[in-house]
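Here is the structure we will look at, set down as structure tokens.
Below, chains carry the letters A, B, ... as their sequence lines are ordered, and counting in each starts from 1.
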Amino acid sequence: MKKILVSTALLAGVLSYAGGFRVSLQGVKQLAMAHTSAHAEDASVAFFNPAGMSFIPSKLSIVAGAFGASNKVTFQNLNTLQSTQTDNPMGTPLYAAITYKPIEKLSVGFSFTTPFGSTIEWPNDWEGKEMVQKLELKSFYFQPMVSYKFNDWLAFGASYIYARGQVDWDKAITQFGGQINIKDKKATGHGFGFGFYFRPDPKLDVSIAYRSPVDMKAKHGTATFEFPSASIYPLLGLDAAKRTDGFTATLPLVEEYTIGLTYKITPKWLVSADFNYHGWERYSQLTLDFATAPIGNQADPTVSVSPKNFRNSKTFRLGTQYAFTNMIYGRLGAYYDESPYSDDHFIPETPSFNTYVVTGGVGFKLKQFGVDVAGGYAMPQSRNVNNANLGFYGQAKATAFYLGLGLSYNPF
Amino acid sequence: MKKIIISTFAISALLFTTSCEDDFDTDVKDIPVTAGEANFSKYVSLGNSLTSGYRDNALYIDGQNESYPSMIAQQMKLAGGGEFKQPLMADNLGGIPSAGIPNKKILAVVAGSLAPVDAPGTGTTTLANIYSAGPYQNMGVPGAKVAHLLAPGYGNPAGLPATANPYFVRFASSSSTSVVADALAQNPTFLSLWIGNNDVLGYATSGGDGSNPITPVDGSVGVGFNSTYTALVNTLFPNGTTRKGIVANIPNVTSIPFFTRVPYNPIPPERFNTAPTGSPSNQNANIDALNTQVFGPLKQILTALGQGSRIQLLSKTQGNLVLLKDESLTNLSAQITTALVSAGVPVQQAGLMGQLYGQARHSTDQDLIPLTTSSVLGTTPSSPLAIAPFDKYGTTYPLEDKHVLRGKFNGVNGEVEEVLTATAAFNATIKSVADSKNLAFVDMNAKMIELNSKSGIVWNGVRYTATFVTGGTFSLDGVHLTGRGYAVVANEFIKAINAKYKSTLPQVDPNKYSGVKFP
């Protein structure tokens, strides 16, 4: 008992720092339990760990779900006493997965998810309009996968990731009273994932998984410039008749290491814990390489580099499920998600906070069908904004909540 | 096990609830704006063009509305500040035809590229006195030096142009009053004073040609800077007064685009191409000819006289230096003429070259070329000596004193050093007087140097620099600021006021004000 108390206290000590544009909404059941991973009940495990497919009790499993994610960010400038709130639209992450066991030892599956994304919309004329007015980032992961079950207690699975992405970013060019839009609807990237799933004891599930980084490459982007007067275009080396330029950029979608445990305390009651480690350090800068416009800040004037200085971050998750009957399940959870950057690297296009999230949900099982609902309430910790590189100072806070509805079908 | 897990949950829940600080400690809406130890009920600002809101080489309504004192007054209103009236011009052209004051500059597309030109139209502002609609709290008078603020009759129309100022003529309470007298008559509770720039700037912008000398540091009130500035501040803040205020120092001229825009080597080799459009360039042939016939022999003669560094040969690949007359050099006219004659040059031409190049030298990176000089480079001066090929201003005909602010040459200090030395002396006085009167002080010199640095000043992602036109802070005259530049200034004043008087005036958002307008 003492030991556990100590470790909990230690854990709390580590929790002084914290997501980026990672979206932890890939399974409604999982979200209800703090988005923990060691649950091999249906195909939704596929995204979390391909090896988990081998422990799904049915031969064929199909899942799908959708979320509504709402969030609002407020920035206040203590020097000018201005306060600004975002007007973000509701985010709607989706997921679907199917797994099948052609033979006992082998499982194949396919998962579709939206693991990274962010839509932020500040008022068009807000004080930080030069950095962002609106930014929409979307990613779609298509993952075929396979898992091999070595024995009763061990499986190994691996997946290939084909990713598609979109970026749509509006920001002001204050000095010339204009605006730039950066858009690419056809960014692509590749990655992989693999994992081990253990069940050393019927009461214990252990999931160890790795998902590789994906470099989302925008190769045919369009930068569209809008200025109030035509004389500005040539001043910036732009063709006044065309007003657009091409650009290339790479946005890193980062790797994730996960260790998850689920322990069945009683046949009706289980608890789960997860630890995630996210490799955000790869997002050290954003480079926009324009085709011809010399509006950059490098020796090659068509290249613009903005420092981002993200750092690796961790997430701690704790969830539980209780089976009231064979048909009704109640779930609870809480997690802590670390922001991948410090106060002096706060950027308004992807605002991020150390966040505590409480989750809950209920599930209904009707023979082969399952219906699950989940909700999450996030408590992002308000923080100081101290970005000297952007001259951006003040305080930021946020609110967020999630709702999810998931369906599962395990016919045989 | 069960118990332990339950208690872990309980502890975690407790940790969540106790460590959650998801709201701001204080919402900005609840932060009161206070005057602290100051009283902002009657704020009057004194100064020159920079205080009046002058920009783009003129004073006009939109610029006045974005003057830094007006911005400060807006913020003071949040802490009990009163009305702040400005002697607005009649229009947005800024010209005063009856006083010979031209319209503001605007950007226009000239021969395919952007250039500042005088705005077309006729200004409607007159010298008619508008005091009856005053008094005015922005008492910035374009062109004023320190002594002018104390001078009686500075607003007397009869004194124009020698002893009066057309801008003060417009809003003076009487023909005999002074700027200071009119300011004090309003019984201000708070004063700002940014003066002294013209005591050195006028000399600098006139290329140090002597038409507008630097105010001497020493001398009696009305003559020397130190005593005049001290008397001015003593008058505004007499012993025993409860009046509070702020003073600002003077920026180095080397940090403003008027002197940094044009490089010391501004003449591209292409400028030597005299071939008509469509025919092959004769640029290199012309450069070779000038080098063999003029600059080569000249350099040879000067080298023999131990003065070879005065002249450099023209380059075909890099920007070329300007040729200028440097009065501080020994006049070698006779020696040059004699040497040329003995080398076989016809007597008349040798005489002309001797006359032209006796004190001529090429520019170095120490010289500052005023923005206004770029319009005369390459033109033909109206002088009987300007005979081809010696008829191109700045290349074959030396620029006169007024066109260059000469820097150090051959180890001898030039006009640039004079200006910097005077500025440093004036700033030392300003600081010590501010300290002795226990006034707030704002180091505008340091801020302008920061603005002139490569990294500039960044505000909410917008990078401001002192770069002409594209830097965002300097207006088209290269000396005065844009609304955004004045906002940067206003914030420096506000920070210094808050620091000194424990007030909490909010800063302004520079990005919200206007920059350079594009055609």
Side-chain angles (χ1 to χ4, degrees), chain A residues 1 4-5 8-9 11-12 15 74 76-83 125 127-132 171-172 174-177 227-232 234-236 263 265-266 269 271 318 320 332 334 336 348 353 355-356 358 378-382 388-395 397-399, chain B residues 1-5 7-9 11-29 31 33 75 78 107-109 112-114 455-464 469-473 484 491 494-495 504 506-512 514-519:
Chain A
M1 178 66 192
I4 289 178
L5 255 181
T8 312
L11 199 76
L15 306 190
T74 307
Q76 66 175 21
N77 186 327
L78 297 173
N79 291 322
T80 61
L81 304 188
Q82 294 179 87
S83 176
D125 207 28
E127 61 182 299
K129 63 182 177 179
E130 179 95 356
M131 299 173 280
V132 58
K171 48 185 181 174
T174 310
Q175 299 283 35
F176 303 105
F227 292 121
S229 109
S231 64
I232 299 169
L235 196 68
L236 296 179
Y263 187 75
I265 297 160
T266 71
W269 185 29
V271 290
L318 202 55
T320 185
L332 285 172
Y336 176 77
F353 304 84
T355 304
Y356 294 98
V358 289
M379 289 164 279
Q381 304 294 286
S382 66
N389 184 52
L390 294 170
F392 187 49
Y393 300 102
Q395 292 177 336
K397 66 172 182 178
T399 55
Chain B
M1 182 68 188
K2 197 170 170 179
K3 213 170 161 188
I4 290 171
I5 286 166
S7 45
T8 309
F9 260 107
I11 288 160
S12 306
L14 191 74
L15 284 170
F16 280 153
T17 47
T18 53
S19 63
C20 283
E21 283 192 39
D22 37 340
D23 214 344
F24 297 136
D25 288 342
T26 318
D27 199 291
V28 289
K29 293 179 199 78
I31 295 177
V33 177
Q75 305 304 82
L78 303 170
L107 268 188
V109 181
S113 60
L114 288 172
S455 53
I457 294 169
V458 192
W459 181 277
N460 283 336
V462 184
R463 187 171 298 279
Y464 290 110
V469 179
T470 53
T473 44
R484 291 178 187 146
N491 282 343
I494 288 170
K495 282 191 255 178
T504 57
Q507 293 176 39
V508 299
D509 178 0
N511 300 356
K512 285 218 166 89
S514 65
V516 171
K517 283 198 175 61
F518 293 88

dist A:N77:CG -> B:N460:CG (nearest 0.5 Å) comes out at 6.5 Å

To the nearest 0.5 Å, atom OG of A:S229 lies from atom CG of B:L114 at 7.5 Å

- Task: State whether the side chain of A:S83 and the backbone N or O of B:V28 hold a donor-acceptor pair below 3.5 Å, judged by distance alone.
- Result: no

Does the side chain of A:F392 come within less than 4.5 Å of B:V458's, by heavy atoms?
no

If one checks every heavy atom of A:L236 against chain B at 4.5 Å, the contacting part turns out to be neither

Rounded to the nearest 0.5 Å, the CD atom of A:E130 sits from the CG atom of B:N511 at a distance of 7.0 Å

**OP:** Could you walk me through whether B:I31 and A:L78 pass side chain to side chain contact (heavy atoms under 4.5 Å, CB included), step by step?
**Re:** CA-CA 9 Å; B:I31 295 177; A:L78 297 173; 3.9 Å; yes

Quiz item: Between the main-chain N or O of B:D23 and the side-chain N or O of A:S382, is there a donor-acceptor pair closer than 3.5 Å?
Solution: yes

Max heavy-atom pairs within cutoff under 4.5 Å with chain A, candidates B:R484, B:K512, B:Q75, B:K495, goes to B:R484

Under 3.5 Å: donor-acceptor pair, side chain of A:Q175, backbone of B:R463: yes

* Would you say B:D22 and A:K397 make side-chain contact, with heavy atoms under 4.5 Å? -> no

Heaviest contributor of heavy-atom pairs below 4.5 Å to chain A, chosen from B:D27, B:V508, B:N491, is B:D27

pair B:I494-A:N79: side-chain heavy atoms closer than 4.5 Å = no

The interface call for A:T74 against chain B, heavy-atom contacts under 4.5 Å, is both

Under 4.5 Å to a heavy atom of chain A? For B:T26 that would be backbone

On a heavy-atom basis, the closest approach of A:S231 and B:P519 is OG-O, 3.0 Å

Rounded to the nearest 0.5 angstrom, the OG1-CH2 distance for A:T174 and B:W459 is 13.0 Å

**Message:** Quick check against the 3.5 Å criterion: does A:Q395 have a side-chain atom that pairs as donor or acceptor with the backbone of B:D25?
**Reply:** no

Looking only at B:S514, B:G471, B:G515, most heavy-atom pairs under 4.5 Å shared with chain A are made by B:G471

